[in-house]
Amino acid sequence: MSKLFGSADLCHCLMKLGFQASKQSSSSHIKFFPPSIHKIPIGIRPFMIVQINKKQFDKHTCSRYIIELVRMGFERKEILNALEI
């Protein structure tokens, strides 16, 4: 991965992939739920938690978010296009 991204970029990516954000209540994390038409594999939690207000995640965290999306059944190319990497 050549480009690192922050929480704003990740949130925009998730929105492009069809995720819906839940209401945030005084926390530095927000929960995103995938589109209802998207089938999540058994054993994978049906949401993503994003730490917000980060200008840039470290390389490991960026990779972890992408891997989590791939495990949810999204294509890596689709994810990278949504992240505009």
Side-chain angles (χ1 to χ4, degrees):
M1 178 176 11
S2 60
K3 179 186 170 196
L4 301 177
F5 52 86
S7 58
D9 300 322
L10 181 57
C11 290
H12 287 117
C13 169
L14 293 174
M15 296 294 200
K16 286 180 184 178
L17 292 173
F19 281 74
Q20 296 292 320
S22 67
K23 290 184 179 179
Q24 182 185 3
S25 59
S26 67
S27 174
S28 63
H29 295 77
I30 190 164
K31 193 182 282 189
F32 283 88
F33 293 94
S36 58
I37 60 171
H38 186 77
K39 184 94 170 159
I40 302 295
I42 295 173
I44 304 296
R45 63 183 182 176
F47 58 86
M48 278 194 72
I49 296 178
V50 176
Q51 184 178 7
I52 57 173
N53 295 328
K54 288 282 191 179
K55 290 186 179 188
Q56 185 176 7
F57 294 117
D58 60 42
K59 190 173 185 177
H60 174 73
T61 304
C62 290
S63 177
R64 185 182 55 79
Y65 277 123
I66 291 173
I67 289 169
E68 189 173 349
L69 285 167
V70 169
R71 286 185 182 149
M72 291 179 97
F74 293 92
E75 297 290 326
R76 184 176 292 275
K77 190 173 188 177
E78 177 184 19
I79 298 164
L80 295 178
N81 284 339
L83 278 170
E84 299 173 358
I85 294 179

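The hydrophobic cluster containing M48 also contains I52, counting ILVMFWY residues as joined when their side-chain heavy atoms lie under 4.5 angstrom apart, directly or transitively. Connection of L10 to L80 is established within a shared hydrophobic cluster, with ILVMFWY side chains joined at heavy-atom distances below 4.5 Å, either directly or through further cluster members. A continuous path of ILVMFWY side-chain contacts below 4.5 Å connects M72 to M15, so both sit in one hydrophobic cluster.
Heavy atoms only, all atoms of each residue included: F57 and G6 are closest at CE1-C, 3.5 Å. In terms of heavy-atom proximity, P35 sits nearest to F74 at CD-CZ, 4.4 Å. Closest non-hydrogen pair, L69 versus I79, comes out as CB-CD1, 3.4 Å. The minimum heavy-atom distance between V50 and C11, with the atom names listed, is CG1-SG, 4.2 Å.
Here the OH-CG distance, from Y65 to D9, works out to 12.5 Å after rounding to the nearest 0.5 Å. How far CZ of R71 is from CD of E68: 8.5 Å, rounded to the nearest 0.5 Å. The CG atom of L4 sits 8.0 Å away from atom CG of D58, with the distance rounded to the nearest 0.5 Å. The distance from atom OG of S7 to atom NE2 of H29, rounded to the nearest 0.5 Å, is 10.5 Å. Atom CZ of residue R76 and atom CG of residue N81 lie 12.5 Å apart, to the nearest 0.5 angstrom. The structure places CG of N53 at 10.0 Å from CD1 of I30, a figure rounded to the nearest 0.5 Å.
Counting non-hydrogen atoms of neighbouring residues, nucleotides and ligands closer than 6.0 angstrom, the CZ atom of R64 exceeds 12 such neighbours. In this structure, H60 places its NE2 atom where only 12 or fewer heavy-atom neighbours from other residues, nucleotides or ligands lie under 6.0 Å away.
With P34 as the partner, the side chain to side chain contact (heavy atoms under 4.5 Å, CB included) test is satisfied by one option alone out of L14, I40, I44: I40.
Checked by atom type and distance alone, the side chain of H38 never pairs as donor or acceptor with a backbone atom of F19 at under 3.5 Å.
Side-chain atoms of F5 and E84, non-hydrogen and from C-beta on, never get closer than 4.5 Å to each other.
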